[in-house]
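Remarks on the structure that follows.
Just so we're clear, the structure is a prediction, and the values are computed from it rather than from any experiment. Naming: A, B, ... by sequence-line order, numbering from 1 per chain.
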There are 2 protein chains.
Amino acid sequence: MSSDAQSGRAAEGRGGERLPPDMRSTSQRRAILQALDEAPGPLTPHQVLERAGAIQGSLGLATVYRNLATLEEAGEIVAVHLPNETRRYEPTGRGHHHHFRCDNCEGVFELATTCPVAVLEGVTLPGGFEVRGHALTLYGLCPRCRGA
Amino acid sequence: MSSDAQSGRAAEGRGGERLPPDMRSTSQRRAILQALDEAPGPLTPHQVLERAGAIQGSLGLATVYRNLATLEEAGEIVAVHLPNETRRYEPTGRGHHHHFRCDNCEGVFELATTCPVAVLEGVTLPGGFEVRGHALTLYGLCPRCRGA
DNA sequence: ACCTTATTGAGAACGGAGTCTCATTCTCAA
DNA sequence: TTGAGAATGAGACTCCGTTCTCAATAAGGT
């Protein structure tokens, strides 16, 4: 779940990432990407600040926001929106999946389970609602909180 | 979808609503409840201000917020959270359902469709995630925007 | 009708997410 | 090695949803 192979981001030019031409490879940028790659689920900007900050010494919140925006534009990461939560980000290329939020620790995890809502894609529901996409979040207890 | 029978709110004491003992029935409160009852889906505080304000002459934003909080505590309405949207409210007693958000007009509607995620309730997913609830939002085009 | 007290309106104030500024630092192509 | 310009850090600032304040108003029990 944290291998470079998964997202296709491997040794290439400069720092080792696949980034647009005029986008430089800085230690901060690398740390942010690494933090997102190693996380069990999408991270909020503040979580990115914490985790990437632990990897790379100094890191400002503005830098995190700037990079998240830049990397999203570059298609390296995608924004994830959960109900009643601030925006989160995760690396692209992980295919269609949904998230699980623990009621206890409030952590958000990526699920491997097959999508139970796929059948509705492209369907027009009674009432005339044409479905083009969906957002599903499961709630409950994560493995750790269940055990404790 | 706008009948009083549906939510069980009918002529009873005072102004006509079923409200806790020390909660007074004011014209503002009644307008707010009516606005929520007649809406095709959950409303944001500002939408409540607009709609209830159209019913009842003067209405302040603070009054709307106060009443939404009070009515929620009283169990008359429930908060609805959609991804990347501000909190909305709808009357209680409409059973399990999900919402549809139009990509074009951005309106949010209540769906009558049976829940495709029900099968996951109570299940423990591979990985050890114990499902206790879920949030599903469908996106696409509403009847009106589809026609236009 | 009267009195107690919940409720209201208008606007000031708050809080947290996200953005902007700008002097300084760093990347990397030449 | 060097220079152009992308990137950074710290904090001020903006935005906007929500709450607070307080004097005036109005439910509703008696």
Side-chain angles (χ1 to χ4, degrees), chain A residues 11-33 35 42-50 52-74 76-77 79-89 106, chain B residues 12-33 35 42-50 52-74 76-77 79-89 106 108:
Chain A
E12 243 172 78
R14 289 166 300 167
E17 303 85 10
R18 175 197 56 206
L19 296 173
D22 61 340
M23 194 181 297
R24 295 183 179 173
S25 173
T26 65
S27 60
Q28 290 86 343
R29 191 113 76 199
R30 263 176 270 129
I32 289 172
L33 242 11
L43 303 179
T44 64
H46 279 83
Q47 290 177 323
V48 170
L49 178 65
E50 282 175 35
I55 297 171
Q56 213 283 319
S58 83
L59 185 57
L61 184 56
T63 299
V64 171
Y65 274 105
R66 267 187 306 239
N67 274 294
L68 291 176
T70 305
L71 291 167
E72 185 184 19
E73 264 187 281
E76 285 293 301
I77 63 178
V80 173
H81 296 282
L82 299 189
N84 204 25
E85 294 261 324
T86 68
R87 185 172 23 170
R88 290 166 179 269
Y89 290 90
E106 306 189 342
Chain B
E12 245 171 76
R14 288 169 300 169
E17 303 83 12
R18 176 195 56 206
L19 297 173
D22 61 341
M23 194 181 297
R24 296 181 179 174
S25 174
T26 65
S27 60
Q28 290 86 343
R29 193 111 78 198
R30 264 175 268 130
I32 289 172
L33 243 11
L43 303 178
T44 64
H46 278 83
Q47 290 176 323
V48 169
L49 179 64
E50 282 175 34
I55 297 171
Q56 214 282 320
S58 84
L59 185 58
L61 184 55
T63 299
V64 170
Y65 274 102
R66 268 186 305 239
N67 274 293
L68 291 176
T70 305
L71 291 167
E72 185 183 18
E73 264 187 279
E76 285 293 301
I77 63 177
V80 172
H81 297 282
L82 299 190
N84 204 25
E85 293 261 324
T86 67
R87 184 171 25 168
R88 289 166 180 269
Y89 290 90
E106 306 189 342
V108 174

To the nearest 0.5 angstrom, please state how far the CG atom of A:Leu33 sits from the CD1 atom of A:Ile77. 7.5 Å

Could you check whether A:Ser58 gets within reach of a base, just the sugar-phosphate, or nothing at all, counting any heavy atom under 4.0 Å? sugar-phosphate

Between P on C:dT8 and CG on B:Leu59, what's the gap in Å once rounded to a whole number? 8 Å

Please give, in whole Å, the distance from D:dG5 P to A:Arg24 CZ? 10 Å

Round to a whole Å and report the spacing from CE of B:Met23 to C1' of D:dG28. 15 Å

Starting at the 5' end of nucleotides 13-25 of chain C, put B wherever the base has a protein heavy atom under 4.0 Å, S where only the sugar-phosphate does, and a dash everywhere else. ----SBBBB----

Expressed as a whole number of angstroms, how long is the span from A:Leu19:CG to C:dC28:P? 9 Å

Can you tell if the side chain of A:Leu19 reaches within under 4.5 Å of the side chain of A:Leu71, non-hydrogen atoms only? yes

Have a look at A:Ser27 and say if it touches a base, only the backbone sugar-phosphate, or nothing, with a 4.0 Å heavy-atom cut-off. nothing

D:dT19 P sits how many Å from B:Glu72 CD, rounded? 10 Å

Under 4.0 Å between a side-chain N/O of A:Thr26 and OP1 or OP2 of C:dC26, yes or no? no

Looking at every non-hydrogen atom in both residues, tell me the closest pair between B:Pro20 and B:Ala74 and how far apart they are. CG-CB, 3.6 Å

What's the CG-C1' distance between A:Asn67 and C:dC26, to the nearest Å? 14 Å

Between atom CG in B:Leu49 and atom C1' in D:dC16, what is the gap in whole Å? 15 Å

To the closest 0.5 Å, what do you measure between CG (A:Leu49) and CG (A:Leu68)? 10.0 Å

Could you pull out all residues at least two apart from B:Arg88 that satisfy salt bridge (Lys or Arg N to Asp or Glu O under 4.0 Å)? B:Glu85

Any B:Thr63 side-chain N or O less than 4.0 Å from OP1/OP2 of C:dT7: no

Both distances under 3.5 Å, Watson-Crick or G-U wobble: on that basis, could you give the dot-bracket string for DNA chain C, with [ ] for crossing pairs and | for other-strand partners? ||||||||||||||||||||||||||||||

Using the side chain to side chain contact (heavy atoms under 4.5 Å, CB included) rule, take A:His46 and A:Leu61 through it: C-alpha gap first, then chi angles, then the decisive distance, then the call. CA-CA 8 Å; A:His46 279 83; A:Leu61 184 56; 4.0 Å; yes

side-chain contact (heavy atoms from CB on, under 4.5 Å) with B:His81: which residues, sequence neighbours excluded? A:Pro83, A:Asn84, B:Ala79, B:Arg87

I want to check one thing: is the phosphate of C:dT8, taken as OP1 and OP2, less than 4.0 Å away from some side-chain N or O of B:Gln56? no

List in chain and number order the residues that pass side chain to side chain donor-acceptor pair (under 3.5 Å) with A:Ser27, two or more places apart in sequence or in another chain; answer none if no residue qualifies. A:Gln56

Can you sort out the partners of A:Thr70 under side-chain contact (heavy atoms from CB on, under 4.5 Å), two or more places apart, ordered by chain and number? A:Met23, A:Arg29

Rounded to the Å, how far apart are A:Asp22 CG and C:dA30 P? 14 Å

